[in-house]
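For reference, the structure is listed below as structure tokens.
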There are 2 protein chains.
Amino acid sequence: MAKYKAPLRDMRFVLNEVFEADKLWAAMPATQEVTPDLVDAILEEGAKVTENELFPLNRTGDEEGCQFSDGDVTTPAGFKDAYNLMAESGWMGLGGNPEMGGQGMPKMLTVLFEEMLYSANASFALYPALNSGAALCLDNHADEAMKEQLLPAMYEGRWLGTMCLTEPHSGTDLGLIRTKAEPNADGSYKVSGTKIFITGGEHDLCDNIIHLVLAKLPDAPAGSRGISLFMVPKFLINEDGSLGERNPAFCGSIEHKMGIKGSATCVMNFDGAQGWMIGEPNKGLACMFTMMNYERLSIGIQGLGLGEVAYQSAMDFAQERIQSRAPGGAKYPEKAADNILVHPDVRRMALNVRAFNEAGRAFASYVAMQLDTSKYHEDEATRKKAAALVALLTPVAKSYLTDRGLDCTITAQQIYGGQGYIREWGAEQYVRDARIAQIYEGTNGIQALDLMGRKVVSNNGEYLKLFAQDIQDFIESNSDNAAVQPYLEKLGASLETLMQVTGNVITRAKDNPAEVGAASQNYLDLFGLVTYAYLWARMVAVAAPKAEADTSGFYSAKVKVANYFFARILPEAAALAAQVNAGADTLMDLEEELFYGE
Amino acid sequence: MAKYKAPLRDMRFVLNEVFEADKLWAAMPATQEVTPDLVDAILEEGAKVTENELFPLNRTGDEEGCQFSDGDVTTPAGFKDAYNLMAESGWMGLGGNPEMGGQGMPKMLTVLFEEMLYSANASFALYPALNSGAALCLDNHADEAMKEQLLPAMYEGRWLGTMCLTEPHSGTDLGLIRTKAEPNADGSYKVSGTKIFITGGEHDLCDNIIHLVLAKLPDAPAGSRGISLFMVPKFLINEDGSLGERNPAFCGSIEHKMGIKGSATCVMNFDGAQGWMIGEPNKGLACMFTMMNYERLSIGIQGLGLGEVAYQSAMDFAQERIQSRAPGGAKYPEKAADNILVHPDVRRMALNVRAFNEAGRAFASYVAMQLDTSKYHEDEATRKKAAALVALLTPVAKSYLTDRGLDCTITAQQIYGGQGYIREWGAEQYVRDARIAQIYEGTNGIQALDLMGRKVVSNNGEYLKLFAQDIQDFIESNSDNAAVQPYLEKLGASLETLMQVTGNVITRAKDNPAEVGAASQNYLDLFGLVTYAYLWARMVAVAAPKAEADTSGFYSAKVKVANYFFARILPEAAALAAQVNAGADTLMDLEEELFYGE
């Protein structure tokens with residue numbers, strides 16, 4: 001009815017067989033200690049802790065939610081114990097800087113553990129996800145003293161980080177923020193203002209909370225060029241690392257939400273709280289983007305993780321549910337009805353979910369591979385190329401993984417019939433928990449605009465050419481592999497469509513700046529689809545040669561799901577291209593007041 | 001933030017201008033008394049009661065939900081008062097048989113009132129929706145004595161009807177039901193069994209509840225050919241119409257659901273309850289289908305109504321929300337930021353919702369027009385053709401209106417950004433309330449199978465030819481209208497695509513019965529899209545000539561939304577056709593056990 005087993009077999013396939021992570025890691029000094037044995041142990045232990053400790057708290061956490069009373073936030077029953085257990089086992093520092101007490105595991109590995117977290121308990125997963133991003137931001141932009149003060153405790157999970165950006169009137173448009181930071185004599189700042197939608201702004205999981213807060217200096221330029229970043233702890237930190245006075249950074253209330261009810265979403269009031277600047281004055285947004293980009297991939301994985309647990313749960317239901325007979329006649333005449341998976345449309349739903357989940361897993365790992373390469377590779381040109389791919393693909397990962405994640409949870413819910421709508425069965429929670437991922441961390445519309453505008457049109461498609469080259473290289477390197485030719489032809493055609501459409505938008509945008517935003521969402525969907533075609537082709541290239549000798553069915557299933565993807569999902573590319581090519585006029589023609597009605 | 005005004009202007013456009021209902025009504029004896037003045041009065045009063053009485057209970061009803069205690073169900077605060085007021089004003093019998101105290105209003109009118117009900121309060125709307133369908137079933141299949149006993153009270157709203165089909169092991173496959181009906185000496189039956197998901201199975205709104213229950217006689221044939229229909233009242237009814245003993249038809253519990261929380265979804269235990277057969281023994285399913293088909297259109301309208309209120313609410317938010325600047329530079333330089341509707345992608349979202357809502361309203365009215373024609377027209381051939389169109393279009397109405405309804409609520413929610421996820425803003429409730437409409441009353445997958453199998457393949461496309469002829473007639477009758485030629489060309493091409501695809505499936509299904517179910521969902525989506533292209537073309541044909549002289553902007557807005565539909569939505573037809581044409585193999589190849597995972 002609700003089921004989660006970490007998909008270790010598929011994770012290992014992606015990691016070891018499709019991307020051969022061991023070769024990459026062995027080639028980079030920083031990751032040479034990441035041995036296959038270590039990776040296996042982490043995956044196995046990660047599966048255990050998420051399946052056994054977090055998943056059992058998922059439904060109860062949803063029913064109970066977080067509670068707010070007098071400035072304090074209580075997480076659902078069991079969250080604190082599970083958190084302590086995980087922190088003690090070192091999970092909070094899995095990808096952290098080893099010089100500061102982190103475990104230094106590469107992103108290609110942590111991305112798989114993140115998926116397990118989100119599958120097992122999306123509300124819970126957000127606490128460590130925010131912490132990891134905050135730690136990364138500090139590691140990149142804070143001075144040594146602050147790093148030494150904070151990072152070991154954050155990797156140990158004694159303290160957890162937050163990201164304080166949004167204000168009631170300022171969401172997408174951060175240039176509008178009003179939170180102020182006035183200099184104190186000692187070099188610190190007095191931070192005042194109200195932040196909303198702060199995940200983990202207050203809770204009972206650990207001793208201290210490290211807020212990363214965007215605010216404006218008294219003399220700051222207007223707009224987004226006048227934003228600075230501050231570290232504001234819940235409790236001030238003494239020289240020896242012990243906790244001092246309560247800083248006036250208080251939770252005013254928590255939101256009542258559609259889902260992720262076990263995640264504390266806080267209104268935070270900074271009433272002259274003491275804070276310390278991170279990075280340069282007025283350059284805070286750039287620092288914050290280190291965290292935001294981290295979280296964007298992470299939130300993409302929220303979509304993937306929920307799609308995965310929704311699939312497993314739906315199949316657990318389907319395995320028991322019998323209803324009506326197979327199209328050609330009874331398949332199980334000894335039963336009162338056939339299993340529902342005899343029905344082509346139930347299979348269509350299941351295959352749809354699975355085709356997106358498996359491609360999504362490969363996609364997250366591909367982006368992680370670029371992240372690791374951009375960070376650890378010894379060759380500068382290689383690092384730069386990887387960094388360009390990360391920039392290009394981050395908005396796609398956030399948006400496409402979460403849009404398809406919601407689709408997958410909805411489709412999985414549909415497989416249950418009426419039971420899908422009943423809370424105790426669990427399927428509807430996945431939908432509610434997945435929905436937020438399209439909204440926060442920059443709405444998916446903003447991701448699409450980032451992709452189309454900053455990552456494609458602004459640089460005349462330069463990043464895209466790098467990605468297209470990667471795809472072309474793969475196609476050419478498989479030119480003598482007869483088994484994958486049909487896939488490569490379709491992949492090549494869809495890539496050509498993407499490149500043509502890109503050229504059209506770049507051209508049109510020269511005359512009309514509205515063309516970028518008009519194209520963006522359909523363009524991102526097309527981009528995602530072509531990317532998934534690439535990843536399915538790569539998976540088939542590995543799986544097809546092994547299918548015949550494999551008695552488990554894993555490789556032949558992989559090929560069959562790929563066949564479904566190419567035959568019944570990829571055709572959407574043509575429609576998306578036509579939508580992009582239709583241009584901006586039909587969007588911009590209607591007068592604004594005629595949208596609002598009477 | 002949450003807003004609802006009945007879209008009377010658009011409703012009158014569809015009713016009076018697009019379909020010229022007055023001409024149809026004047027031509028049929030049964031509807032000749034439906035004058036324009038009467039219609040106007042009903043629409044105005046319907047708008048008032050739904051806006052002022054029901055909409056204010058929508059959010060509170062969601063938060064409070066129905067309560068169950070000791071067999072009794074309490075509806076949310078305010079529901080009973082609003083219900084009494086509406087019943088006293090005659091709304092429960094609006095479409096009812098005038099010989100039994102109903103008001104005999106045609107479906108083309110009641111369908112608009114239904115939309116208002118669902119927009120204002122989807123949970124509340126279900127109580128009258130079920131009652132109307134139950135009354136229709138009784139009116140068609142019960143004997144005169146039972147009709148006289150029940151219908152006047154049901155039209156007055158003193159009693160409300162239910163539909164008791166589903167059992168824990170029997171949803172789609174009603175042949176599996178186990179509820180038994182044993183004959184009593186007096187001609188009544190003793191009904192025993194458990195029904196689940198019974199909307200309005202128990203509540204506090206009125207004096208009596210009339211359950212229509214599917215059950216099996218002791219000697220019934222197996223499967224769906226052995227199902228009979230029974231009328232089982234909550235309280236037995238004395239000769240004089242007063243209420244007698246409590247019948248053992250008890251509510252065992254209510255479901256905790258994702259949404260429609262103000263609607264009581266009951267487990268009903270019939271413990272030898274006294275019931276009376278409706279229609280012939282073992283022919284109950286056919287009788288029940290009178291009610292089910294009624295409800296299918298009604299549930300389609302649930303999708304439409306929620307799409308409409310979601311749009312209005314989102315635009316109410318958008319009107320106040322300023323964030324970032326227009327693509328070409330500030331549109332409102334005097335403000336801190338521009339209104340969000342300057343952004344092309346926000347417009348895309350709004351136009352998407354609106355294009356589906358307005359076409360959906362026209363579609364529901366078109367189906368209603370066929371229903372009225374099939375019921376009231378004096379010419380038998382005309383009645384028969386209309387009945388065929390109703391049979392063909394009912395599954396499309398249920399499925400396409402609800403699928404697009406969910407899409408619309410999700411898209412509208414996205415326009416809010418973060419606020420869309422917060423309960424108090426209301427947008428997320430529309431999503432949760434819309435989700436059930438894809439599931440109940442026959443899942444949308446079942447609707448698609450009904451369309452593709454029973455309504456298209458089984459009769460070799462005969463019904464479809466009638467519908468296509470309707471479209472062709474429209475195209476030809478506008479052949480000299482230059483303003484609509486570009487729309488007609490696209491409509492004609494999409495219709496041709498639909499006809500080709502239909503032929504392909506009919507051919508393939510001869511060799512492989514799985515082809516029907518494999519094609520069904522994509523086929524229904526294609527069918528819906530072509531139908532909406534037809535309705536948009538009809539709306540443009542009326543609106544375009546009036547646009548220039550119109551200072552309100554209504555007609556020019558209609559044309560511009562049509563332009564959006566044809567340029568940016570209709571291209572999806574090509575992808576859907578390709579998906580249907582891809583056939584069944586990629587769905588059926590994967591071995592069943594390989595779906596289930598480890």
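Lettering of chains follows the sequences in order, A, B, ..., and the numbering in each one begins at 1. What you see is a predicted model; the values in this text were computed from it and never measured. Note that these values count all heavy atoms, side chains included, but never hydrogens, waters or copies made by symmetry.
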Side chain to side chain contact (heavy atoms under 4.5 Å, CB included) between Leu587(A) and Leu351(B), worked out: CA-CA 7 Å; Leu587(A) 291 178; Leu351(B) 283 164; 4.0 Å; yes
Given Gln319(A), His256(A), Lys331(A), the one with more heavy-atom pairs under 4.5 angstrom with chain B than any other is Gln319(A)
Grab the two heavy atoms, one from Pro571(A) and one from Ala575(B), that are nearest each other, plus how far apart they are. O-CB, 3.6 Å
Any side-chain to backbone donor/acceptor pair from Arg568(B) onto Gly583(A)? Under 3.5 Å, distance only. yes
What verdict does the side chain to side chain contact (heavy atoms under 4.5 Å, CB included) test give for Lys3(A) and Tyr596(B), after you've listed the backbone C-alpha separation in whole Å, the side-chain angles of each residue and the deciding distance to 0.1 Å? CA-CA 11 Å; Lys3(A) 181 190 165 185; Tyr596(B) 301 131; over 6 Å; no
Closest approach of Thr586(B) to Ala567(A) (non-hydrogen atoms, all atoms of both residues): CG2-CB, 3.8 Å
Top contributor to chain A contacts, counting heavy-atom pairs under 4.5 Å, from Val580(B), Leu594(B), Val431(B), Asn563(B): Leu594(B)
Tell me, out of Gln312(A), Glu515(A), Gln579(A), who's got the most heavy-atom pairs with chain B below 4.5 Å. Gln579(A)
For the pair Tyr421(B) (side chain) and Ala437(A) (backbone), establish whether a donor and an acceptor sit closer than 3.5 Å, ignoring hydrogens and angles. no
So CE of Met315(B) and CD of Glu593(A): to nearest 0.5 Å the spacing works out to 13.5 Å
In this structure, CE of Met588(A) is separated from NZ of Lys560(B) (nearest 0.5 Å) by 12.0 Å
How long is the gap from CD on Glu572(A) to CG on Leu576(B), to the nearest 0.5 Å? 7.5 Å
Give a yes or no on whether the backbone of Arg435(B) and the side-chain of Gln413(A) come within a donor-acceptor separation of less than 3.5 Å. no
Please flag which part of Tyr311(B) lies under 4.5 Å from any non-hydrogen atom of chain A: side chain, backbone, both or neither. side chain
Intermediate values then yes/no, side chain to side chain contact (heavy atoms under 4.5 Å, CB included), Arg432(A) and Met258(B): CA-CA 9 Å; Arg432(A) 289 185 289 102; Met258(B) 182 184 196; 4.0 Å; yes
Toward chain A, the part of Ser520(B) with a non-hydrogen atom under 4.5 Å: side chain
Based on non-hydrogen pairs under 4.5 Å, which of Ala518(B), Gly453(B), Ala578(B) is most in contact with chain A? Ala518(B)
Is there a side chain to side chain contact (heavy atoms under 4.5 Å, CB included) between Leu590(A) and Arg354(B)? Walk through the geometry before answering. CA-CA 12 Å; Leu590(A) 187 63; Arg354(B) 187 154 159 179; 4.0 Å; yes
Contact check, side chains of Arg347(B) and Glu592(A), non-hydrogen atoms, under 4.5 Å: yes
Looking at Ala514(A) and Pro344(B), what are the two nearest heavy atoms and their distance? O-CG, 3.5 Å
To check you understand the geometry: which heavy-atom pair defines the closest contact between Asp345(B) and Gln521(A), and what is its length? OD1-CB, 3.5 Å
Separation between CD of Glu591(B) and CG of Leu341(A), rounded to the nearest 0.5 Å: 12.5 Å
Rounded to the nearest 0.5 Å, how far apart are CD1 of Ile446(A) and OG of Ser324(B)? 6.0 Å
Flag the one option from Gly445(A), Gly418(A), Ala574(A), Gly420(A) with the top tally of heavy-atom pairs under 4.5 Å to chain B. Gly418(A)
Strictly below 4.0 Å, N to O, side chains only: are Lys257(A) and Glu428(B) in salt-bridge contact? no
When heavy-atom pairs shorter than 4.5 Å are enumerated against chain A, which of Ser552(B), Ala584(B), Pro513(B), Ser556(B) gives the highest number? Pro513(B)
Against chain B, work out which of Asn339(A), Val561(A), Ile410(A), Ile436(A) has the most heavy-atom pairs shorter than 4.5 Å and name it. Ile436(A)
Greatest number of heavy atom pairs closer than 4.5 Å to chain B - which of Tyr564(A), Phe554(A), Phe197(A), Phe595(A): Phe595(A)
Of Ile196(A), Leu406(A), Ile422(A), Thr443(A), the largest count of non-hydrogen pairs under 4.5 angstrom with chain B goes to Ile422(A)
Among Val346(B), Asp316(B), Asp589(B), who wins on heavy-atom pairs under 4.5 Å with chain A? Asp589(B)
Is any NZ, NE, NH1 or NH2 atom of the basic residue among Arg423(B) and Glu255(A) found under 4.0 Å from an Asp or Glu carboxylate oxygen of the other? no
Pairwise distance CG(Asp173(A)) to CZ(Arg321(B)) - rounded to 0.5 angstrom: 9.0 Å
Measuring heavy-atom distances to chain A, does Asn522(B) have an atom under 4.5 Å in its side chain, in its backbone, in both, or in neither? side chain
Between Gln429(B), Met349(B), Gln419(B), who has the most heavy-atom pairs with chain A when the cutoff is under 4.5 Å? Gln419(B)
For Leu176(B) and Ala336(A), the nearest pair of non-hydrogen atoms, with its separation, is CD2-O, 3.5 Å
Name the region of Ile260(B), side chain, backbone, both or neither, that has any atom closer than 4.5 Å to a heavy atom of chain A. both
